[in-house]
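All figures in this text were calculated on a predicted structure; none of them were measured in a lab.
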Amino acid sequence: MTTSNQLLLLGVLSALSSAAGAVDTSQWKCESCKFEQGVSGTVEVGAGSVSEKSEEFGQYNGLHEKGGFLIGGGALRSRGEDGAYWNLDASNLGLDTRAVDAEGGKQGSYKLRFKYDESIHRIWDKVLTPFAGSGGAALTLPAGFVKAGTTGAMTSLAGSLQSVELGTQRKLLGVGASWNRTSQWEYAVNFRHETREGSILRTGGAFFVNSAQLIDPVDYVTDQVDATASYAGKKFQMKLAYYGSKFRNDKHALTWDNPYTAIAGETMGQLALPPDNQFHQVSATAGYQFSDKTRLSADLALGRMTQNDNFLPYTIGAPGLPGGSLNARAATLDAALKLSSAITDRLRLNAAYTHNDRDNQTPQAAYNVVTTDMPLFVGPARTNLPYSFTQDKLKLSADYRASAKLRGSIGADFDAHKRTYADVDTTRENTAWGKISTRLTDKVDLTFKLAHGERRNAGSFQPIAGITPPENPLLRRFNLANRTRETAALRADFAATERINIGLGLDSSEDKYSDSSIGLTGGKDFNVNGDISVMFTERTSLHFFANRQEIKSKQAGSQTFSTPDWNADNKDTIDTFGLGVKHAAIKDKLDIGADYGITRARSEINVNTGVSNPAFPHVTSSLDSLKLYATYRMKENMSLQAGYWYERYDSKNWMLDGVSVSTIPNVLTMGLQAPQYHVNVVRLSLRYKF
């Protein structure tokens with residue numbers, strides 16, 4: 001139909017409607033515009049079972065215990081004609097990972113929020129220790145424990161071992177409110193109270209050359225408050241905010257009995273636990289829309305961190321405090337400025353600048369050095385080094401659309417980093433990059449990216465004064481050393497047919513530390529991946545993905561505090577595969593599906609010291625996971641949910657495997673072994689919608 005004919009038809013219809021008079025639209029209905037009012041929701045109840053106890057399997061999902069568990073959850077919705085509403089969501093009510101979220105209010109006027117959340121972090125399946133009181137601030141040995149100079153000579157050790165659980169339970173309670181005084185201003189206040197309880201593994205405590213792995217208690221409380229005032233105008237927007245966080249630890253020190261024969265009368269040791277601290281920050285964000293094509297935004301935040309818990313004595317056996325407290329404090333300043341402008345319909349320019357400053361204002365003082373928790377080893381005084389830094393980043397980029405099938409981007413990043421009490425005062429890193437995206441055909445899309453970066457020191461390396469014993473002057477820390485980085489990435493997507501899509505990707509990165517004779521001298525990261533999705537029919541679909549990543553690094557060291565006399569090669573390989581199928585077995589009645597995943601990881605360490613030494617064994621891990629699920633619709637508002645989950649994990653780690661509590665003569669370990677498990681989980685629940 002030509003434009004003139006269209007206009008003629010519209011004119012005739014307009015005339016007819018005018019002749020017929022006004023049309024009554026009060027009974028018209030929009031069939032596709034359904035606005036639910038009243039109360040609606042879903043409820044899900046059921047049960048499940050876990051075949052085996054495994055702390056590793058249940059690290060975060062709450063399925064660490066063998067046996068049955070309850071399934072409970074659901075959602076409620078309420079909508080009123082006046083804009084009033086409330087939502088309630090609950091999940092995992094039968095597990096230690098339960099959560100409840102509620103929100104209600106009146107649209108365009110106010111909003112109230114409530115959140116309760118629990119999470120659990122399990123760590124090791126089996127931990128053995130002779131100490132009683134795990135989870136508390138005092139670890140004691142049982143009566144009659146035979147102390148000795150080595151673990152093998154502790155004749156009562158085996159009989160005093162007890163199995164303990166490591167892990168933490170977090171509980172979070174949050175409330176908040178927001179309201180609009182006008183159409184342009186909105187205010188909000190949110191408060192979070194979090195507790196974390198349990199026990200975690202500590203590296204260990206030492207007496208001279210003897211040490212023992214210990215369990216730290218966790219009894220933390222964190223309170224956070226966040227208040228904002230936001231303005232949204234047609235061209236100008238801004239937000240003012242305050243954030244505060246207060247951390248408290250009810251246990252300030254851990255004491256433990258010395259399981260070894262005392263050398264200088266020391267029968268007990270003491271270590272500090274995380275201290276109380278606070279953080280406060282005020283911030284402002286603003287944005288201005290100069291035109292439809294140009295926008296400027298800015299951010300500014302000022303913060304302050306403090307920590308002033310009282311010091312512990314140097315040692316229990318040699319009381320004497322280094323002072324009242326560290327009186328630690330640091331000021332932070334974070335600022336950002338961003339400008340984006342569409343110069344033409346094809347060309348857009350972007351610029352972003354950020355400034356981050358951390359001014360550590362902790363006073364310096366001389367403190368005696370405690371080599372181990374023994375009065376004989378309280379050494380000469382050293383001065384603390386309050387580390388500070390300033391970082392400035394500038395990013396410039398341009399995006400150009402040459403045609404509907406060809407786009408390109410180029411950019412440059414500049415990073416200047418100044419530090420105090422570091423091997424070098426200033427490092428500067430510059431990176432140039434380019435990216436091209438093209439549609440070769442209607443079925444093939446390609447994206448290619450290249451980047452070249454160089455980091456250089458503004459001065460020579462100088463060992464940090466005050467560190468005893470001194471470090472090798474040839475050592476170059478990898479985050480400060482001169483480095484050249486080359487990266488490349490390629491992504492291809494193919495629409496093989498209307499039902500088959502294929503994606504392939506390559507990523508490569510290489511680091512060279514040509515000026516480092518001791519330390520990290522090189523590194524490579526290579527990643528290849530692919531994915532396929534197939535829609536066999538309207539009722540059956542399949543997806544598959546595969547990924548392989550190789551990470552290599554080289555380092556050199558010196559055993560004689562001079563030039564390099566040994567080197568090491570590290571290689572990590574991770575292979576991941578996944579397959580998923582969905583099928584509507586009975587249309588609108590029964591849906592089934594399956595997901596299967598495989599992960600294999602391998603770590604190789606080769607050290608060359610110039611002599612023939614046995615190579616380190618490989619560290620390996622493998623994970624197989626199968627999930628089956630089905631949904632059967634019994635009625636329009638009622639369905640039966642079923643699921644099966646099998647997971648197998650196996651790992652080998654020469655640093656843990658075969659090392660019992662007393663294997664190392666001067667280290668009392670907890671007998672930790674590389675994790676292994678195979679677990680079956682079944683679930684069955686009923687979901688009702690109303």
Side-chain angles (χ1 to χ4, degrees), residues 31-32 34 42-44 46 48 57 60-61 63 71 73-75 89 91-92 405 437-447 489-507 527-549 574-600 622-649 678-689:
E31 298 296 338
S32 61
K34 296 182 179 180
T42 60
V43 176
E44 183 176 7
F57 173 76
Y60 298 102
N61 56 35
L63 301 175
I71 297 174
D89 294 279
S91 60
N92 295 332
K405 295 185 176 182
S437 300
T438 180
R439 169 158 286 193
L440 295 182
T441 69
D442 291 340
K443 296 183 177 182
V444 180
D445 293 320
L446 286 178
T447 300
L490 176 65
R491 174 70 186 183
D493 293 288
F494 308 89
T497 68
E498 292 183 354
R499 295 179 178 271
I500 301 176
N501 291 282
I502 303 172
L504 297 173
L506 291 171
D507 295 276
N527 187 84
V528 58
N529 59 81
D531 57 84
I532 301 174
S533 62
V534 182
M535 181 68 71
F536 291 105
T537 67
E538 293 182 356
R539 296 168 58 176
T540 306
S541 63
L542 175 146
H543 66 271
F544 170 81
F545 68 88
N547 187 90
R548 181 180 180 87
Q549 183 177 21
I574 304 101
D575 295 312
T576 306
F577 305 90
L579 177 68
V581 179
K582 293 182 179 180
H583 176 62
I586 304 175
K587 189 176 181 181
D588 298 328
K589 196 73 172 178
L590 175 63
D591 294 332
I592 59 175
D595 290 300
Y596 180 59
I598 302 174
T599 301
R600 300 288 185 267
S622 63
L623 175 68
D624 296 272
S625 180
L626 172 65
K627 293 183 178 180
L628 306 176
Y629 54 90
T631 300
Y632 179 73
R633 297 176 184 83
M634 304 168 64
K635 297 180 180 180
E636 184 178 351
N637 63 344
M638 184 181 296
S639 61
L640 193 63
Q641 315 277 327
Y644 169 73
W645 180 9
Y646 169 77
E647 189 163 290
R648 182 197 66 84
Y649 180 77
H678 57 89
V679 178
N680 297 274
V681 180
V682 293
R683 304 167 59 100
L684 184 65
S685 63
L686 184 67
R687 179 174 293 179
Y688 176 74
K689 183 178 180 180

Looking only at the side chains, is there a donor atom on one of Asn527 and Asn547 sitting less than 3.5 Å from an acceptor on the other?
yes
Ser91 OG to Asp89 CG distance, which is reported to the nearest 0.5 Å
8.0 Å
Quick one, Phe494 and Asn501 - any side-chain contact, counting heavy atoms below 4.5 Å?
no
Are the side chain of Thr438 and the backbone N or O of Lys405 linked by a donor-acceptor pair below 3.5 Å?
yes
On a heavy-atom basis, the closest approach of Ala546 and Phe577 is CB-CD2, 3.6 Å
Apply the test side-chain hydrogen bond (donor to acceptor under 3.5 Å, both in side chains) to residues Glu44 and Thr42: give CA-CA distance (whole Å), side-chain angles for both, the deciding distance (0.1 Å), then the verdict.
CA-CA 7 Å; Glu44 183 176 7; Thr42 60; over 6 Å; no
If we ignore hydrogens and angles and just use 3.5 Å, is the side chain of Arg539 paired with the main-chain N or O of His583 as donor and acceptor?
no
Heavy-atom pair of closest approach, residues Leu686 and Ser639:
CD1-O, 3.4 Å
Run the salt-bridge test on Asp575 and Arg548 with the 4.0 Å N-O cut-off and return the result as yes or no.
yes
Leu440 vs Leu446 side-chain heavy atoms within contact, under 4.5 Å:
yes
Rounded distance [0.5 Å steps], CZ in Arg687 versus CD1 in Ile71
10.5 Å
Looking just at side-chain N and O atoms, do Tyr596 and Asp624 make a donor-acceptor pair shorter than 3.5 Å?
yes
Spacing of CD belonging to Glu647 relative to NZ belonging to Lys627, to within rounding of 0.5 Å:
7.5 Å
Within a strict 4.5 Å, meaning less than it, do heavy atoms of the Arg439 and Thr441 side chains meet?
no
So Asp445 and Thr447, do their side chains get closer than 4.5 Å, heavy atoms only?
no
Heavy-atom closest pair, residues Arg499 and Thr537:
NH1-CA, 3.5 Å
Gap separating the OH atom of Tyr646 from the CG atom of Leu626, nearest 0.5 angstrom:
9.5 Å
Whether the side chain of Lys589 engages the backbone of Arg633 through a donor-acceptor N/O pair (distance < 3.5 Å, no angle test) should be reported.
yes
CG (Asn529) and CG (Leu506) are apart, to the nearest 0.5 Å, by 7.5 Å
Measuring only between side-chain heavy atoms, which start at C-beta, is Tyr688 closer than 4.5 Å to Lys635?
no
Please answer whether the main-chain N or O of Ser625 pairs with a side-chain N or O of Arg648 as donor and acceptor at a distance below 3.5 Å.
no
Over all heavy atoms of both residues, which pair between Gly505 and Arg491 is shortest? Give the atoms and the distance, please.
N-NH1, 4.1 Å
Passes side-chain contact (heavy atoms from CB on, under 4.5 Å), Thr576 versus Ile598? Steps please.
CA-CA 6 Å; Thr576 306; Ile598 302 174; over 6 Å; no
State, yes or no, whether a side-chain contact exists between Tyr644 and Val681 at a heavy-atom distance under 4.5 Å.
no
Check step by step if side-chain contact (heavy atoms from CB on, under 4.5 Å) holds for Ile574 and Arg600.
CA-CA 6 Å; Ile574 304 101; Arg600 300 288 185 267; over 6 Å; no
Which heavy atom in Ala594 sits nearest to a heavy atom in Leu628, and how many Å separate them?
CB-CD2, 3.5 Å
Taking the side chain as everything from C-beta on, heavy atoms only, tell me whether Val534 gets closer than 4.5 Å to Phe536.
yes
Excluding sequence neighbours, so at least two apart, what forms side-chain contact (heavy atoms from CB on, under 4.5 Å) with Val581?
Leu542
Taking all non-hydrogen atoms of both residues into account, name the closest pair between Asp595 and Gly580 and its distance.
OD1-CA, 3.4 Å
If you define the side chain from C-beta out and look only at heavy atoms, does anything of Phe545 sit under 4.5 Å from Ile532?
no
Would you please name every residue forming a ring pair (Phe, Tyr, Trp, His ring centres under 6.0 Å) with Phe57, sequence neighbours left out?
Trp645, Tyr677
